[in-house]
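Here is the naming used below: chain letters follow the sequence lines, and residue numbers restart at 1 for every chain.
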Number of protein chains: 2
Amino acid sequence: MTNIRKVAETAGVSVSTVSRVLNGHPYVREDKRRIVLETIKALNYTQNANAVHLSRGKTNSVGVVLPYLNLPYYGEILQGIAEEALKAGYHLRLYQTNYDSPAELDAFAALRMKEVDGLIVASRTNDLEELKGFMEGDRPIVLCENLESESLRSVYIDHYQAMGRALSYLQEKGYRKIGLCIHRLSGKNSEDRMRAFREYRGIEIRNEWIFTGCYHMEDGCRVLREWMNLKERPETLVVTSDQVAAGLLSEAGRRGVSIPQDLALLSFDNHPISELMGITSIEVPSRSLGREAFRMFLEEGRHRSVLQTTLFERDTV
Amino acid sequence: MTNIRKVAETAGVSVSTVSRVLNGHPYVREDKRRIVLETIKALNYTQNANAVHLSRGKTNSVGVVLPYLNLPYYGEILQGIAEEALKAGYHLRLYQTNYDSPAELDAFAALRMKEVDGLIVASRTNDLEELKGFMEGDRPIVLCENLESESLRSVYIDHYQAMGRALSYLQEKGYRKIGLCIHRLSGKNSEDRMRAFREYRGIEIRNEWIFTGCYHMEDGCRVLREWMNLKERPETLVVTSDQVAAGLLSEAGRRGVSIPQDLALLSFDNHPISELMGITSIEVPSRSLGREAFRMFLEEGRHRSVLQTTLFERDTV
DNA sequence: CTGAAAGCGCTAACAC
DNA sequence: GTGTTAGCGCTTTCAG
């Protein structure tokens with residue numbers, strides 16, 4: 001167990017001198033610095049991160065809270081966070097929650113326990129007030145949702161606006177009967193989308209045209225079959241992820257449903273698959289969302305940031 | 001800054017007693033236990049993880065080293081690891097490397113610094129010998145590649161065998177001229193695949209039929225165009241990921257190339273997209289790979305484990 | 001059952 | 001420039 005004291009002793013200097021060269025502090029004579037460096041190498045010494053963290057009171061790492069890892073949307077957010085973290089010399093601790101409340105609280109507990117310097121929450125299931133209880137003075141929490149708060153930081157896409165835009169685009173194209181494929185009904189982002197959907201005027205919507213639990217391609221296939229079994233069908237579906245839209249589209253091909261003649265599809269994300277399959281999609285800049293979330297964690301001051309969406313017209317509307 | 005000592009003082013007991021109730025140790029009288037618990041709640045006290053880690057010499061977390069986060073293969077591995085880690089009460093530290101050598105070494109440095117209790121390496125770029133230099137007595141390193149080693153642990157898919165099987169399947173189907181789409185040429189897994197490809201007898205292969213840098217759908221599109229520009233074309237392509245095969249397939253549709261008549265495709269992964277698009281694919285159980293990797297990190301004893309692949313015949317061969 | 005005290009390994013204020 | 005030393009907050013012998 002070779003520690004800083006041993007290095008100091010064998011190098012014939014004090015621990016503080018060793019600490020200074022370790023941390024690149026000034027005021028160390030060149031010859032001492034050199035002998036310390038040599039001793040470190042000779043003893044094959046490495047700092048103990050936990051001791052450093054304890055002493056410094058921070059860990060240079062940030063926790064990322066997300067429900068699933070195998071969904072492109074979260075993969076991209078994570079990638080964006082990772083890119084910025086790498087630049088800033090931060091590391092990521094992952095809290096994959098499956099929207100399980102205790103698993104999510106775990107991440108917040110880690111914050112209080114000073115295991116992470118801050119938290120980026122890509123999506124959550126716990127109540128905001130509950131979560132606020134875990135706040136620690138200067139340890140930022142960034143949420144990827146539209147939020148007004150003194151204490152929390154928020155990077156988001158205006159899903160209310162994006163949904164409104166989707167609907168007005170469909171309306172312009174002459175569609176009236178509109179259905180929806182959505183991940184879940186709870187959660188700020190989903191609620192914003194739902195609200196926009198329900199409040200929009202001049203279209204026909206029905207509860208049985210709203211399909212929830214749509215995450216993967218398979219869900220898209222399932223929804224198309226359900227759509228076929230409907231007595232009264234919507235003419236078009238707004239789909240909150242490209243993966244699901246891809247499932248819908250390909251199942252439609254198999255079942256002889258013409259897109260967009262029988263059913264139009266307007267999707268969100270604009271990931272490569274939508275371009276590949278010619279799916280009209282509204283880009284949600286998830287990678288940028290991740291990047292921005294990390295920057296917001298790092299920088300003091302900014303507490304709120306909106307990212308813009310872009311419509312890509314292709315062949316499914 | 002409410003710490004264990006303060007809790008002890010206000011509860012009127014010693015720090016060790018507080019520590020005992022904190023850690024659920026036996027031999028604490030019920031009334032003391034209760035008063036400690038109450039004081040903890042009253043003072044809104046939380047343990048400092050870094051102090052615990054320092055004192056215990058372990059962090060209950062494992063580092064995961066992988067090149068990219070937005071590739072389904074790695075997403076699934078990560079998901080598998082996360083599932084098992086959750087069960088075991090471990091946390092994940094992410095080291096996303098982009099196959100950048102220093103970024104990868106960072107993870108190994110963290111191991112030496114006792115920031116993680118072990119490492120799971122999904123894919124690496126550094127030399128094995130170099131990495132071994134970072135080994136710490138009892139801190140396991142699990143690599144997702146075929147490896148014989150006393151010190152390292154290995155969970156893998158036999159890519160040599162899987163490739164051989166792919167080729168013999170194609171051969172049975174009457175194909176002779178075979179090309180290859182592969183991620184990269186270096187790396188144990190890729191080398192195993194390449195070796196199987198080169199050593200296989202009775203088929204025609206050419207260097208210009210080997211396409212590297214194939215990760216995403218877009219790469220598949222690109223490769224199809226390159227294939228079209230070839231004077232002499234292979235009749236079939238073995239593709240090391242469904243995403244890339246999907247790109248090839250859809251670009252083929254756009255360019256009027258018939259699959260499998262003009263070009264057959266045999267892919268790896270068997271992720272949902274291959275089922276969706278009817279791509280013949282050899283299942284690589286990446287989720288299980290992740291799960292198994294974590295178990296191997298945790299359990300003493302087992303040092304080597306192979307996972308089997310399964311062929312799913314569909315419409316592209 | 002309980003407490004005192006010796007670490008765990010490092011940082012940084014302070015004195016020289 | 002350099003060394004001494006008091007923390008950082010917790011765990012865990014060891015003695016009682």
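- Regarding contacts with the backbone of dA4(C), every side-chain N or O of S14(B) stays at 4.0 angstrom or more from both OP1 and OP2.
- The CD atom of E115(B) sits 20 Å away from the P atom of dC8(C) (whole-angstrom rounding).
- The distance from atom NE2 of H25(B) to atom P of dC14(D) is 16 Å, rounded to the nearest whole Å.
- Contact check, N3(B) against dG9(D): a side-chain N or O comes under 4.0 Å of OP1 or OP2.
- At a threshold of 4.0 angstrom between heavy atoms, the contacts of T17(A) are confined to the sugar-phosphate backbone, with no base atom among them.
- When the P atom of dA12(C) is taken as reference, atom NZ of K58(A) falls 11 Å away, rounded to whole Å.
- Under the 6.0 Å distance and 45° angle rule, R184(A) counts as a cation-pi partner of Y99(A).
- H53(B) places its NE2 atom 13 Å from the C1' atom of dC8(C), with the value rounded to the nearest Å.
- In this structure, L54(B) places its CG atom 13 Å from C1' of dT12(D), rounding to the nearest Å.
- Nearest to the side chain of V13(B), among dG3(C), dC10(C), dG1(D), sits dG3(C).
- The phosphate of dT11(C) has OP1 or OP2 within less than 4.0 Å of a side-chain N or O from N23(A).
- Taking atom CD1 on I40(A) and atom C1' on dG9(C), their separation rounds to 14 Å, with Å as the unit.
- The interatomic distance linking I4(B) (CD1) with dA4(C) (C1') rounds to 14 Å, in whole Å.
- At a cut-off of 3.5 angstrom, counting only N and O atoms as typed in the model, there is a donor on one side and an acceptor on the other between the side-chain of S16(B) and the base of dA4(C).
- When distances are taken from the side chain of R5(A) to each of dA12(C), dC8(C), dT12(D), the shortest belongs to dC8(C).
- Each of R20(B) and S55(A) has a nearest nucleotide on DNA chain C; the 5'-most of these lies closest to R20(B).
- Counting heavy atoms of neighbouring residues, nucleotides and ligands inside a 6.0 Å radius, atom CD of E148(A) does not exceed 12 of them.
- There is a side-chain donor-acceptor pair under 3.5 Å between N126(A) and E104(A).
- Between the side chains of R56(A) and N50(B), no donor-acceptor pair of N or O atoms lies under 3.5 Å.
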Step-by-step side chain to side chain contact (heavy atoms under 4.5 Å, CB included) determination, L105(A) to E130(A): CA-CA 9 Å; L105(A) 290 176; E130(A) 167 114 22; 4.1 Å; yes
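- Residue contacts for N50(A): at a heavy-atom cut-off of 4.0 Å it reaches no nucleic acid atom on any strand shown.
- The distance between atom NZ of K32(B) and atom P of dC1(C), rounded to the nearest whole Å, is 12 Å.
- The side chain of V15(A) sits closest to dT4(D) out of dT11(D), dT13(D), dT4(D).
- Take the nearest nucleotide of DNA chain C for A51(B) and for R29(B): the residue whose nucleotide is more 5' is R29(B).
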